[in-house]
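Report on one structure; see the data block that follows.
Order of the sequence lines fixes the chain letters, A, B, ..., with proteins taken first and strands second; residue numbering starts at 1 for each chain. These figures come from a predicted structure and were not determined experimentally.
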Protein chains: 2
Amino acid sequence: MTRILIVDDEPQILRALRINLVARQYEVALAADGSAALREAAQWHPDLVLLDLGLPDLDGVDVIHGLRGWTTVPIVVLSGRAGNQDKIEALDAGADDYVTKPFNIEELLARVRAVTRRTRAQEAELAAVQLGDHTIDLTNKTISGGVRLTPTEWHILEILLRNPGRLVSQRQLLTEVWGTKYLKETHYLRQYMVQLRRKLERDPAHPVHLITELGMGYRYLP
Amino acid sequence: MTRILIVDDEPQILRALRINLVARQYEVALAADGSAALREAAQWHPDLVLLDLGLPDLDGVDVIHGLRGWTTVPIVVLSGRAGNQDKIEALDAGADDYVTKPFNIEELLARVRAVTRRTRAQEAELAAVQLGDHTIDLTNKTISGGVRLTPTEWHILEILLRNPGRLVSQRQLLTEVWGTKYLKETHYLRQYMVQLRRKLERDPAHPVHLITELGMGYRYLP
DNA sequence: CACGGACGTCAGAGTAGCGTCAAGACATGA
DNA sequence: TCATGTCTTGACGCTACTCTGACGTCCGTG
């Protein structure tokens, strides 16, 4: 979930942005002036800052400098001033984009997506799952402790890890990995579950995380 | 030195941009249409692309897609069309910024600086990579110990080094280096991995840094 | 308590995919 | 034009992954 900090002193703009961003599954925090913005950013670590330049307490460029002192979080500037000098100053202070008020909300959202794209990709890579002693990174296909898996083992493990705590039927596993013609080959599953447990469970004979549900399927318990 | 590829079909705009950018110590290449742009980008590897959307041969968004298929180079769109839909499409296709013509040159330069700021920082990190006995400088394309690589070898090595520790799929390598029509040619990869190991690994038969992930791809271990 | 069904485990056959060598096709610059 | 280096293509042995069969074990049920 992408976290966006909105900084503006006009309550109606704060409100409009919050409604639009929350509706699009962003997590939102608000700040009405520069010092509140710096405080909030330090505590909450947003993934993006929407910053109005016309704040009551601090100059907008100073807020950018205040943020850039310790974080590289993307900053999109909103401003009523359309002057070129303002834009240039803000961008050179470290802002990533500059949108002039009044702005179209769809355009702003597209710019938000563009700016967060790179960061989002990096964050997704960090999505790591813990399984017992091991840390598993599904996108990079890495497991701590030098454990290596074969393609089929990865495939099965991925399906289980994407459904934490939930029962995954033999049917689902067999269709996803081998196709619908292999629904009867439960032997395959038994075979590969042995391998996975041997590589990942502390005591493969008494699994704690990769659980058999008799006659139904398997379950990953975090 | 930052390399900028300017894509526009109007000669006077090309000329104006070139003069301004060269004066500010950028290295500049020009392209008058979409296919020339894609060709130039593939050969010259610019650090930033300034792209006009109204090209004679290809739709601007297709050019963005064509670039994004194999590179993450920052793209700044220049456009006479101020419509929001155009902006949104271009930004979502993978553009990093959008500037409407007529634009102020100083503003454009500020946006160029903003967009390249992050990439420059990332590149600095990659400036020198250690692989076993060898120090590899990706920007200058040099390797300690008098090792020399062919263009294709560099291309593959770069992709792997840009993803340290991460699995890089055969698919990704083949598309980035040869294009989407070569997805089946895993033989190429095997061939070049042999070469790279012979040139870089201490014991090419038992690689420590350029690792094969059977059935999946390759991985660079620092 | 005995039986049957489903699961766990082991070991070996078959095979896809990898590493390697080598030679022909192509591009580049002298 | 030739010479050199690079890319592409073919052939082949070998590794390790997948598949298969045999057997042992566990658990619920009658």
inquiry  = For a 4.5 angstrom cut-off between non-hydrogen side-chain atoms, does A:Asp47 reach A:Val73?
reply    = no

query = Is the closest side-chain heavy-atom distance between A:Thr135 and A:Val129 below 4.5 Å?
reply = no

query = Testing B:Leu78, B:Leu53, B:Ile75 for side chain to side chain contact (heavy atoms under 4.5 Å, CB included) with B:Tyr98, which one passes?
reply = B:Leu53

request  = Taking the side chain as every heavy atom from C-beta outward, state whether B:Arg3 and B:Val28 have any atom pair closer than 4.5 Å.
outcome  = no

key: Any B:Thr186 side-chain nitrogen or oxygen under 4.0 Å from OP1 or OP2 of C:dG17   = no

ask   = So which pairs with a foot in residues 21-41 of chain B pass salt bridge (Lys or Arg N to Asp or Glu O under 4.0 Å), sequence neighbours left out?
value = B:Arg24-B:Glu106

query = What is the distance from CD of A:Gln170 to C1' of C:dG8, rounded to the nearest Å?
reply = 13 Å

ask   = What closest approach, in Å, do B:Leu108 and B:Phe103 show between heavy atoms, and which atom pair accounts for it?
value = CD2-CE1, 3.7 Å

query = Through what angle, rounded to 10 degrees, does the axis of the helix from C:dC1-D:dG30 to C:dA30-D:dT1 turn between its ends, using five pairs per end?
reply = 30°

query = Does the pair A:Asp97 and B:Arg117 meet the rule for a salt bridge (Lys or Arg N to Asp or Glu O under 4.0 Å), with working shown?
reply = CA-CA 12 Å; A:Asp97 204 344; B:Arg117 198 178 297 129; over 6 Å; no

task = Select from B:Leu149 and B:Arg190 the residue whose nearest nucleotide in DNA chain D is closer to the 5' end of that strand.
result = B:Leu149

request  = Would you confirm whether A:His134, through its side chain, and A:Ser144, through its main-chain N or O, come within 3.5 Å as a donor-acceptor pair?
outcome  = yes

message = Rounded to whole Å, how long is the line connecting atom CZ of A:Arg198 with atom P of C:dT9?
response = 7 Å

key: CA sep, side-chain torsions, deciding dist, call: B:Lys87, B:Thr100, side-chain contact (heavy atoms from CB on, under 4.5 Å)   = CA-CA 9 Å; B:Lys87 291 190 192 179; B:Thr100 307; 3.9 Å; yes

key: Any donor-acceptor N or O pair under 3.5 Å, side chains B:Asp57, B:Ser35   = yes

task = Test B:Glu185 against B:Arg190 for salt bridge (Lys or Arg N to Asp or Glu O under 4.0 Å), laying out the working first.
result = CA-CA 9 Å; B:Glu185 308 291 341; B:Arg190 301 210 298 278; over 6 Å; no

Integer-rounded Å distance: C:dC7 C1' and A:Lys184 NZ = 18 Å

Enumerate the protein-to-nucleotides 27-29 of chain D contacts in which both atoms are nitrogen or oxygen and the separation is below 3.5 Å.
none

Closest approach of B:Ile64 to B:Ala90 (non-hydrogen atoms, all atoms of both residues) = CD1-O, 3.8 Å

inquiry  = Applying a 4.0 Å non-hydrogen cut-off, can you work out what A:Arg148 is touching in the nucleic acid: base, sugar-phosphate, or nothing?
reply    = nothing

task = Please work out if B:Glu213 contacts a base, only the sugar-phosphate, or nothing of the nucleic acid, heavy-atom cut-off 4.0 Å.
result = nothing

query = Over how many whole Å does the gap from B:Leu189 atom CG to C:dT20 atom P extend?
reply = 15 Å

Could you run down the sub-3.5 Å N/O contacts of the protein with nucleotides 27-30 of chain C?
none

With a cut-off of 3.5 Å and sequence neighbours excluded, list every side-chain donor-acceptor pair involving residues 191-210 of chain B.
| residue | atom | partner | partner atom | Å |
| --- | --- | --- | --- | --- |
| B:Arg197 | NE | B:Leu210 | O | 3.0 |
| B:Arg197 | NH2 | B:Leu210 | O | 2.9 |
| B:Arg197 | NH2 | B:Thr212 | OG1 | 2.7 |
| B:Lys199 | NZ | B:Arg148 | O | 2.9 |
| B:Lys199 | NZ | B:Glu153 | OE1 | 2.8 |
| B:Lys199 | NZ | B:Glu153 | OE2 | 3.4 |
| B:Glu201 | OE1 | B:Val208 | N | 3.0 |
| B:Glu201 | OE2 | B:Val208 | N | 3.1 |
| B:Glu201 | OE2 | B:His209 | N | 2.7 |
| B:Glu201 | OE2 | B:Leu210 | N | 2.8 |
| B:Arg202 | NE | B:Asp133 | OD2 | 3.2 |
| B:Arg202 | NH2 | B:Asp133 | OD1 | 2.3 |
| B:Arg202 | NH2 | B:Asp133 | OD2 | 3.4 |
| B:Asp203 | OD1 | B:Ala205 | N | 3.2 |
| B:Asp203 | OD2 | B:His206 | ND1 | 2.8 |

key: Salt bridge A:Glu176-A:Arg162, side-chain N to carboxylate O under 4.0 Å   = no

query = Rounded to whole angstrom units, what separation is found between the CE atom of B:Met216 and the P atom of C:dC18?
reply = 10 Å

Grab the N/O contacts between the protein and nucleotides 18-20 of chain D below 3.5 Å, and write none if there aren't any.
| residue | atom | partner | partner atom | Å |
| --- | --- | --- | --- | --- |
| D:dT18 | OP1 | A:Thr150 | OG1 | 3.3 |
| D:dT18 | OP1 | A:Thr152 | N | 3.0 |
| D:dT18 | OP1 | A:Thr152 | OG1 | 2.4 |
| D:dT18 | OP2 | A:Thr150 | OG1 | 2.7 |
| D:dT18 | O5' | A:Tyr192 | OH | 3.0 |
| D:dC19 | OP1 | A:Trp178 | NE1 | 3.4 |
| D:dC19 | OP2 | A:Trp178 | NE1 | 2.9 |
| D:dT20 | OP2 | A:Tyr188 | OH | 2.2 |
| D:dT20 | O4 | A:Gln191 | OE1 | 3.3 |

query = Nearest nucleotide by nearest heavy atom, which residue falls closer to the 5' end of DNA chain C, A:Gly217 or B:Thr212?
reply = A:Gly217

ask   = Atom NZ of A:Lys199 to atom P of D:dA16: distance rounded to whole Å?
value = 12 Å

